[in-house]
Amino acid sequence: MVTKEQIVRWLERLASVLAENKAYLTDLDSAIGDADHGTNMARGFAKVAEKLVSVADTDIGNILKATGMTLMSSVGGASGPLYGTFFMRGGAVTASREELSVEDLGEMLHAGMQGIQQRGRAIAEDKTMIDAWIPALAAYDTARIAGEDTAAALRRAVAGAEAGMKATIPLQARKGRASYLGERSIGHQDPGATSTYLMLKALLDTLESS
Amino acid sequence: MVTKEQIVRWLERLASVLAENKAYLTDLDSAIGDADHGTNMARGFAKVAEKLVSVADTDIGNILKATGMTLMSSVGGASGPLYGTFFMRGGAVTASREELSVEDLGEMLHAGMQGIQQRGRAIAEDKTMIDAWIPALAAYDTARIAGEDTAAALRRAVAGAEAGMKATIPLQARKGRASYLGERSIGHQDPGATSTYLMLKALLDTLESS
Amino acid sequence: MKKLINAVENVVREQLEGMASAHADVLKVSYEPTFIYRADAPVANKVALISGGGSGHEPMHGGFVGKGMLDAACPGEVFTSPTPDQMYAAGSAVNSGAGVLYIVKNYTGDVLNFEAAAEMLAGEGVPVQSILIDDDAAVKDSLYTAGRRGVGATVITEKITGAAAEAGYDLLQCADLCRKVNTSSRSIGVALTSCIVPAAGKPTFDLGDGEFEFGIGIHGEPGRRRLPMASVDEITEMMASAILDDGVYTRTVREWDQARGEWVDKELVNAPLRSGDGVIAFVNSMGGTPVSELYAMYRKLSGLLDARGIRIARNLIGPYITSLEMQGASITLVKVDDEILKFWDAPVLTPGLRWGV
Amino acid sequence: MKKLINAVENVVREQLEGMASAHADVLKVSYEPTFIYRADAPVANKVALISGGGSGHEPMHGGFVGKGMLDAACPGEVFTSPTPDQMYAAGSAVNSGAGVLYIVKNYTGDVLNFEAAAEMLAGEGVPVQSILIDDDAAVKDSLYTAGRRGVGATVITEKITGAAAEAGYDLLQCADLCRKVNTSSRSIGVALTSCIVPAAGKPTFDLGDGEFEFGIGIHGEPGRRRLPMASVDEITEMMASAILDDGVYTRTVREWDQARGEWVDKELVNAPLRSGDGVIAFVNSMGGTPVSELYAMYRKLSGLLDARGIRIARNLIGPYITSLEMQGASITLVKVDDEILKFWDAPVLTPGLRWGV
Ligand SMILES: Nc1ncnc2c1ncn2[C@@H]1O[C@H](COP(=O)(O)OP(=O)(O)O)[C@@H](O)[C@H]1O
Ligand SMILES: Nc1ncnc2c1ncn2[C@@H]1O[C@H](COP(=O)(O)OP(=O)(O)O)[C@@H](O)[C@H]1O
Ligand SMILES: [Mg+2]
Ligand SMILES: [Mg+2]
Ligand SMILES: [Mg+2]
Ligand SMILES: [Mg+2]
């Protein structure tokens, strides 16, 4: 079970995690992109943290939608509309909810990931954030079906995201800015896959610390 | 006495002297100007050397005028019209002459210097080529009046030019590009005064080597 | 980094304020969200043209707002795509009822943000079309990349489509013309130096004294290859071949289907230039290269086109789509027909491009 | 040095060839001697305007040849003044009988060469006037220097006098108007970086990473002083004060007296700008500074003028009188009256400046 308060604390924690990892993400992006992924994400989630003040009292669906809208209008770049869509779609399937079961959370994550895929059209091994989402949700689903609880399922998801993130290193990018590097994109970890991992990790840490 | 052949040899020698001193003059100009005096003068006298082929058989007046016209249309900068005027005025007072007495040469040099002054309006101690011409011609006149021959009078003129050239070092420029440096122009030898010295020295060397 | 700026956070905002006060007769600027729009917008019965992208490419796009060109432009932070709320607000502000055409450079960031905006605007019942500009011949394929980037052709399509909108073309006609100009265009760019993004404070990339980058986008992103510095004639020859020897370019792009209210795939084809074709030859400075050097490039280019039997019908030479102070240049060739030429020649009154008025 | 050039000896020639082929409808280029002239010159009954100077300041002057501006321009080698034979030949080529006005920037080299040309042309019976442009407020006096250098006002006088000539002003009227614009103008420039003259192959001067040069001419010649790098607001404030707090400027210049056939001295006076005055505000890039940064400068400038009660009647913002790829900017303020504004607004069709046609 994930409560509304935990969702809020997750997003707050994520804002600090991304602020801390700003340079790290930007460095990853400077190797195969334009050196702004850290700045983009930190800027966007700082805005989300501000926004949370006024929406924390509403429901989970609303909080996630507000998060998505805020990311949409403050991140820019490729990642802005992708993560924006993730949260807006996630919000749409959690309308008026005060808490999420392990199934609900899975539904929310799947809806979000589907949004990212529809918007960005990336498939597995394009070397994008999708390469973190796919194994993460596969692991989550397996755990959920096996009857594990939310925290346990999320622990699997985080491990899956981390593996997927690392597996982007040997890939050649076929989507986004990195694709123009061709073979020169090989050998670098995808920044978006990394922020996806940080996102799931922050949710897990929130659940575990409460 | 200076013959027409000596005038031609002078101008030829001057072309090589200026080619040799191109970097030296440009270095002087880079300290207080725009680093082109050597290039300007070398370019102009290379053209004069080319031109001489077709005018060497005419008279001194014509040779000097052709030199002046060639300098006018090939040197550019401040020094182009100044030296151009020098030779054109010098040519005007030596029309149809095949040789020049010590008086004739003096008249030629004075007419030329007057042209430089009318065009450039510099007076003594403005830190220009005029600061070489004035003492040079003063020394020439003194020697001539004392009855010395052309080579002897020229030897005095070259010494005067050299002294005048060196005396530009402590001056603050009041004319030309160097004037914008104000006090920062002090301590540098004027490039135009230097090319004037080289010009007279080349004439002396021509007379002495024949 | 030495630039005529105040605090890096305020660079874009302050430059826009200066622009607004300099060109109050032509345009206005809205902040929060940020967009530049025609002083007389919405223009009754006219299709509204909107473009946008990261800042740092001036005069594009803001400098092309005005009569005969764009109705609005959405600037992002330097080299960062703007966000859907800007594009949506701009669309709402300048739509006269005749609809909104988004002109979108093919950079993933721009594309995704404009797509979100188009959905929002269409959701409000505003007729929307969205055309992708993807003319960068430096990118070889679209199977293993995000497709060709939008570069010099952007300026040309904005000018030509802007004139057509002014002349009364409806939304679908504007979209068709815009797409036609794009599929008639190919570009290639080179960088001699990097630029410095104010917020980064250091050069985007290191380029040795003796090398240049061939086939850059408009941010100094890596090109096809890095080469030893060469003469303008040699560089121009390489650039011209990259365009002239480029085969048929086919790719699938996503366009908004107004009737169905969804994105549909469209196959677009650029045919190679052939002897007998007439072109607009656009020789563009990346910012730091002076116009005098562009003329040297144009000199060689016109000789090369001549030898191929390609006629330069019009030209545009200067800094129009730049990367801050980067030294370098790009060449865009746009195959023309009577319709394209007519709208190219039509009057335009913007801070960045002006003739006939 | 990385530039889009071939051999350094051919830089100017090849750039002119490119320019001639790009703008054949507007201008032609003669070589040996070199000058750029209006395609339709001589224009019957019109006073012919000629300017010139070292190359490297493009679009000035060649880019201002065309309808409503210059009839001819004489380019020298890079940063080296052209020679009298060019100016004389240009004068002979474009004189329609209504006479020739030489517009001469006050650099000793330019002045002396144009003087020689004026004498030659007058010697042929051609009516000649020669007006000096000396607007650089960085130079304090004319007693201990060669006087103020000619900088930004050159563009403005060429535009305004060109329009007057087009409107039928005779030679003396053109000269009077040109002189009036000059004595209504003051400029100040700053450099953030040096440029590289192709033939020299290395920077003209060394400017540390943390400093800028205040009060440069247009070749990066030393300015008033070298200062630690500052914000655009601070730099603009210094520049504006240099112009606005400049007292009466009086100097003696040499002008050609047509009737007497000789040079005569003329005393010229620039009055300080005062509250209530209207100005043309010209914010110019030295080449390498992007137009976006000029807008930041314009933003501050317009605030400062506002505070002084000075109204910006018109503005011009962009790279018009440059020093190759140098980063930096200049500000020129020209006090206007109805005559000046009328001719500023008149149509102009040149590669470098175009409106109304
Ligand atoms: N089409 C796409 N689908 C999914 N993710 C993508 C796509 N294109 C790019 N990305 C992700 O976006 C990340 C880059 O984001 P960011 O740097 O913020 O934007 P930009 O590339 O516009 O500068 C990449 O590392 C990648 O994970
Ligand atoms: N008004 C003047 N009268 C006499 N000589 C001058 C004057 N102005 C400059 N000069 C001379 O010209 C020289 C510089 O010539 P040069 O470098 O060829 O031209 P520029 O200064 O135009 O680059 C100076 O060293 C000085 O001697
Ligand atoms: Mg990025
Ligand atoms: Mg010099
Ligand atoms: Mg980016
Ligand atoms: Mg010079």
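Each chain gets a letter, A, B and so on, in the order its sequence line appears, and its residues count up from 1. These values consider heavy atoms only, across backbone and side chains, with no hydrogens, waters or symmetry-generated copies.
Residue D:F205 does not touch chain B at all, counting heavy-atom pairs closer than 4.5 Å.
In this view, D:A89 and D:P33, D:F35 satisfy the side-chain contact (heavy atoms from CB on, under 4.5 Å) rule, not counting sequence neighbours.
Within 6.0 Å of CZ on B:R144 lie more than 12 heavy atoms contributed by other residues, nucleotides or ligands. For B:M69, the CE atom sits in a loose shell: 12 or fewer heavy atoms of surrounding residues, nucleotides or ligands are nearer than 6.0 Å.
Per-residue heavy-atom pair counts under 4.5 Å with chain B were compared for D:P82, D:G147, D:A138, and the maximum is reached by D:G147. Contact tally against chain D (heavy-atom pairs below 4.5 Å) for B:A78, B:G77, B:A178: the top residue is B:G77. When the candidates D:V139, D:V111, D:L143 are compared by the number of heavy-atom contacts under 4.5 Å with chain B, D:V139 comes out ahead. Comparing D:A200, D:G215, D:A146 by heavy-atom pairs within less than 4.5 Å of chain B, the highest count is held by D:A146.
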Less than 3.5 Å apart and able to act as donor and acceptor by atom type: which atom pairs between chain B and chain D qualify?
unit_1	atom_1	unit_2	atom_2	d
B:G77	N	D:S81	OG	2.8
B:G77	O	D:N113	ND2	2.8
B:Q118	O	D:R254	NH1	3.0
B:R119	O	D:R254	NH2	2.5
B:R119	NH2	D:E119	OE1	3.1
B:R119	NH2	D:E119	OE2	2.2
B:R121	NH1	D:D265	OD1	3.1
B:R121	NH2	D:D265	OD1	2.9
B:S179	OG	D:A146	N	2.9
B:Y180	OH	D:G147	O	2.6
B:R184	NH2	D:G223	O	2.9

